[in-house]
Amino acid sequence: MKVTVIGLGAMGMGMALSALRGGHETTGFDIAEAARARFAEAGGKTAATPAEAVAGAEAVFCVVVNAAQMESVLFGEGGVAAALPKGALFVACPTVDPAVARATAARLEEAGVLYLDAPISGGAVKAADGALTIMASGSAAAFEAAQPALDSVAETVFRLGDEAGPGSAMKMINQLLAGVHIAAAAEAMALAARSGLDLKQTYEVITKAAGNSWMFENRVPHIIEGDYSPRSAVEIFVKDLGIVLGAGHAERFPLPLSAAAHQLYLAAAGAGHGREDDSAVIKVYQKLTGIDLPADKG
């Protein structure tokens with residue numbers, strides 16, 4: 001297939017390289033020249049603008065941060081909506097409100113473009129390995145058009161419905177759990193530090209005990225190593241838990257754990273840690289209580 005990936009960050013770069021390895025003619029675009037150069041060095045094609053990148057494309061993966069960026073990519077100045085060939089497929093990968101997914105799908109489908117609501121999970125490592133989990137929903141035609149490219153970038157594709165919306169709703173639920181679990185892990189390790197426990201030993205015990213979670217196991221080593229270089233940033237969960245709380249507000253549905261976790265991420269962002277790894281939420285406790293943590297390598 002002729003595949004375009006818009007957004008060559010940690011996730012998008014991995015997806016573009018996986019598509020390239022899968023034998024697809026792959027073009028990448030990113031506003032960062034260095035990202036475009038890296039993809040070109042790996043054998044991919046690049047373009048100077050998003051519209052140029054999608055010329056002749058059969059499938060376009062949009063791997064940007066949020067709904068505002070996706071709106072700009074599609075409908076902003078020089079946006080790709082007008083440049084997409086009729087019958088092309090737009091695969092929307094960012095975490096957005098389900099209502100945004102439905103509205104965007106309607107606008108593109110009216111213009112003769114297929115839309116797949118396809119948020120991704122798995123992190124940069126799985127993106128690079130072509131082993132992502134994709135929570136997808138859309139028409140049968142969209143799934144059929146997407147399949148060859150999806151086979152290259154994903155290990156598991158969940159087919160969640162025949163229209164846009166359920167994919168984004170499922171990702172919202174995943175992010176609720178992920179955000180709360182990271183916040184809980186940070187709180188637990190902060191209390192461990194205050195209690196005089198060795199943090200490495202605490203990690204060893206908890207990862208073999210009932211209190212473990214995937215996020216605890218994945219993020220706590222960042223704290224122990226003092227390495228807050230962003231794999232996924234604090235600001236991501238300011239956004240994603242904001243989407244969760246917005247949905248709860250619209251449904252008059254209480255979400256007290258999500259709200260408490262969101263406040264922790266807001267506090268971390270407000271303290272200047274928004275672009276650091278999301279495990280940096282533990283620094284809120286450090287500021288409040290003066291606990292000793294491993295030195296920050298940053």
Name every donor-acceptor pair, under 3.5 Å, that has one atom in a side chain of residues 46-59 and the other anywhere in the protein, sequence neighbours excluded.
{"unit_1": "T49", "atom_1": "OG1", "unit_2": "E52", "atom_2": "N", "d": "3.1"}
{"unit_1": "E58", "atom_1": "OE2", "unit_2": "K2", "atom_2": "N", "d": "2.7"}

Does I282 form a side chain to side chain contact (heavy atoms under 4.5 Å, CB included) with Y228? I'd like the steps, not just the answer. CA-CA 11 Å; I282 197 170; Y228 297 100; 3.7 Å; yes
Stepwise, does the side chain to side chain contact (heavy atoms under 4.5 Å, CB included) test hold for E217 with Y203? CA-CA 8 Å; E217 194 163 342; Y203 176 78; 3.5 Å; yes
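- With contacts defined as side-chain heavy-atom distances shorter than 4.5 Å, the pair W214/R219 qualifies.
- Between E225 and K297 there is no salt bridge, since no side-chain nitrogen of the basic residue lies less than 4.0 Å from a carboxylate oxygen of the acidic one.
- Of all heavy-atom pairs between N212 and I206, the closest is CB-O, 3.1 Å.
- Chaining together hydrophobic side chains whose heavy atoms lie under 4.5 Å apart places L160 alongside M135, F158, M170.
- A donor-acceptor distance shorter than 3.5 angstrom exists from the side chain of S137 to the backbone of G167, with no hydrogens or angles considered.
- Taking NE2 of H273 as the reference point, atom CG of D296 lies at 8.5 Å (rounded to 0.5 Å).
- Taking each heavy atom of M15 and I120 in turn, the nearest pair found is SD-CD1, 3.8 Å.
- Using a 4.5 Å heavy-atom cutoff, the side chains of V100 and S168 are not in contact.
- Both V157 and L114 belong to a common hydrophobic cluster when Ile, Leu, Val, Met, Phe, Trp and Tyr are linked at side-chain heavy-atom distances under 4.5 angstrom.
- No side-chain heavy atom of K200 sits under 4.5 Å from any side-chain heavy atom of P294.
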Check the pair F237 / L264 against side chain to side chain contact (heavy atoms under 4.5 Å, CB included), numbers first and verdict last. CA-CA 10 Å; F237 279 103; L264 189 64; over 6 Å; no
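- Atom CD1 of I173 has more than 12 heavy atoms from other residues, nucleotides or ligands within 6.0 Å.
- Considering CG of L20 and CZ of F39, their distance stands at 5.0 Å, rounded to 0.5 Å.
- Without hydrogens or angle criteria, N66 side chain to Q69 main chain gives a donor-acceptor distance under 3.5 Å.
- Side-chain atoms of R102 do not come within 3.5 Å of backbone N or O of A164 as any donor-acceptor pair.
- Around NZ of K126, the count of heavy atoms belonging to other residues, nucleotides or ligands within 6.0 Å does not exceed 12.
- For CZ of R275, the number of neighbouring non-hydrogen atoms (other residues, nucleotides, ligands) closer than 6.0 Å is 12 at most.
- Residue E71 holds its CD atom at 11.0 Å from SG of C62, rounded to the nearest 0.5 Å.
- Rounding to the nearest 0.5 angstrom, the gap separating the OG atom in S152 from the CD atom in Q147 is 10.0 Å.
- No side-chain heavy atom of L197 sits less than 4.5 Å from a side-chain heavy atom of V205.
- When all heavy atoms of G12 and V5 are compared, the closest pair comes out as O-CG1, 3.6 Å.
- Minimum interatomic distance between S258 and L176 (heavy atoms only, all atoms of both residues): OG-CG, 3.2 Å.
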Test side chain to side chain contact (heavy atoms under 4.5 Å, CB included) on Y285 and L191; report intermediate values, then the result. CA-CA 9 Å; Y285 293 99; L191 181 59; over 6 Å; no
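- One distance of note links NE2 of H181 with CZ of F216; it measures 12.5 Å at 0.5 Å rounding.
- Between the side chain of T207 and the main chain of E204, a donor-acceptor pair closer than 3.5 Å is present.
- Residues T289 and R194 meet the side-chain proximity criterion, which asks for heavy atoms closer than 4.5 Å.
- Not one N or O on the side chain of R231 forms a donor-acceptor pair closer than 3.5 Å with the backbone of H222.
- In terms of hydrophobic clustering, with Ile, Leu, Val, Met, Phe, Trp and Tyr side chains grouped at heavy-atom distances under 4.5 Å, I182 and I223 are assigned to a common cluster.
- Two different hydrophobic clusters hold L132 and V125 under the rule that ILVMFWY side chains link at heavy-atom gaps under 4.5 Å.
- The nearest pair of heavy atoms linking V234 to A269 is CG1-N, 4.0 Å.
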S18 and R21: CA distance, side-chain angles, deciding distance, side chain to side chain donor-acceptor pair (under 3.5 Å) verdict: CA-CA 5 Å; S18 294; R21 286 197 307 271; 3.1 Å; yes
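- Between the CZ atom of F253 and the CG atom of L245 there is a distance of 12.0 Å, given to the nearest 0.5 Å.
- Taking both residues in full, the closest heavy atoms of H24 and A149 are given as NE2-CA, 3.8 Å, listed atom of the first, atom of the second, then distance.
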Taking distance alone, no hydrogens or angles, what donor-acceptor pairs closer than 3.5 Å link side-chain atoms of residues 74-97 to residues at least two apart or in another chain?
{"unit_1": "K86", "atom_1": "NZ", "unit_2": "A111", "atom_2": "O", "d": "2.8"}
{"unit_1": "T95", "atom_1": "OG1", "unit_2": "K171", "atom_2": "NZ", "d": "2.8"}
{"unit_1": "D97", "atom_1": "OD1", "unit_2": "A99", "atom_2": "N", "d": "2.7"}

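- Hydrophobic clustering, with ILVMFWY side chains joined whenever heavy atoms are under 4.5 angstrom apart, keeps F29 apart from V63.
- Looking only at distances, no side-chain donor or acceptor of K283 sits under 3.5 Å from a matching main-chain atom of A271.
- Under a hydrophobic clustering in which Ile, Leu, Val, Met, Phe, Trp and Tyr are joined whenever their side-chain heavy atoms come within less than 4.5 Å, directly or via other members, V64 and I134 fall into different clusters.
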